[in-house]
Asks: 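Handing you this structure, nothing more for now.
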Amino acid sequence: MDAFLLFLLYISDDTGNRLRFQLELEFVQCLANPNYLNFLAQRGYFKDKAFVNYLKYLLYWKEPEYAKYLKYPQCLHMLELLQYEHFRKELVNAQCAKFIDEQQILHWQHYSRKRMRLQQALAEQQQQNNTSVK
């Protein structure tokens, strides 16, 4: 078992709980990076039953009281996909990681453009409201 995982298993006091929270938060967010997932897959982490169980344990991050701390919400989708053996096996292939990375970029671009259009429409509506009030 990885030394990092052993370390997490033995933390128990309040300071340790804070540290554990921070470490798990960072690790869960790393799962948003397809290249990191490819790295883990190529080194056999996804074949280790203890590691797969750890990924299952981390599903608690989907709960709102924990999810609110995440900066990269796509990590939760990856965490969900990592529960499936077929997905874990496919991540060994660098092309799979590249495809996921490209899809994330396309999703982000679409979201950014959509958000910009919504903000522009809202600004125009507010401007119209201001001119009609005068």
Asks: Carefully, step by step, assess L122 and Q119 under the rule side chain to side chain contact (heavy atoms under 4.5 Å, CB included).
Replies: CA-CA 5 Å; L122 181 61; Q119 288 174 337; 5.7 Å; no
Asks: Which atom pair, heavy atoms only, marks the closest approach of P34 to A32?
Replies: CD-O, 3.2 Å
Asks: Which value, rounded to the nearest 0.5 Å, describes the distance between R20 atom CZ and F27 atom CZ?
Replies: 13.0 Å
Asks: List the steps and the verdict of side chain to side chain contact (heavy atoms under 4.5 Å, CB included) for Y84 and E90.
Replies: CA-CA 10 Å; Y84 299 97; E90 288 297 321; over 6 Å; no
Asks: Output yes when a side-chain donor or acceptor of Q83 lies under 3.5 Å from a complementary backbone atom of L55, and no otherwise.
Replies: yes
Asks: For the hydrophobic clusters of this structure (ILVMFWY residues joined by side-chain heavy atoms under 4.5 Å, transitively), does one cluster hold both Y45 and V92?
Replies: no
Asks: If you measure from CG on L31 to NE2 on H77, what distance do you get to the nearest 0.5 Å?
Replies: 12.5 Å
Asks: Would you please test V28 and L70 for side chain to side chain contact (heavy atoms under 4.5 Å, CB included) and show each step?
Replies: CA-CA 9 Å; V28 167; L70 298 170; 4.2 Å; yes
Asks: Ignoring hydrogens, what is the shortest heavy-atom contact between R88 and L82? Give both atom names and the distance.
Replies: NH1-O, 2.7 Å
Asks: Just wondering, are more than 12 heavy atoms of other shown residues or ligands nearer than 6.0 Å to OH in Y66?
Replies: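 No, the 6.0 Å shell around OH holds no more than 12 heavy atoms from other groups.
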Asks: Ignoring hydrogens, what is the shortest heavy-atom contact between L37 and F46? Give both atom names and the distance.
Replies: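 Looking at all heavy atoms of both residues, the shortest contact is O-CE1, 3.4 Å.
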Asks: Going hydrophobic residue to hydrophobic residue with side-chain gaps under 4.5 angstrom, can you get from L40 over to L81?
Replies: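 They do share one cluster, since a chain of ILVMFWY contacts under 4.5 Å joins L40 to L81.
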Asks: Roughly how far, to the nearest 0.5 Å, is the NZ atom of K68 from the CH2 atom of W61?
Replies: 11.0 Å
Asks: Would L79 and I100 show up in the same hydrophobic cluster when neighbours are defined by side-chain heavy atoms closer than 4.5 Å?
Replies: yes
Asks: Which heavy atom of Q29 sits nearest to which heavy atom of Y72, and what is that distance?
Replies: OE1-N, 3.3 Å
Asks: Counting only heavy atoms not in E80, do more than 12 sit closer than 6.0 Å to its CD atom?
Replies: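 Atom CD in E80 is packed in, count exceeds 12.
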Asks: What orientation do F39 and Y36 show, parallel under 30°, tilted 30 to 60°, or perpendicular over 60°?
Replies: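 It falls in the parallel class, under 30°.
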Asks: What class does the angle between the rings of Y69 and F21 fall in, given that below 30° is parallel, 30 to 60° is tilted and above 60° is perpendicular?
Replies: perpendicular
Asks: Minimum heavy-atom separation for L76 and A67, please, with both atom names.
Replies: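 Taking every non-hydrogen atom into account, CD1-CB, 4.2 Å.
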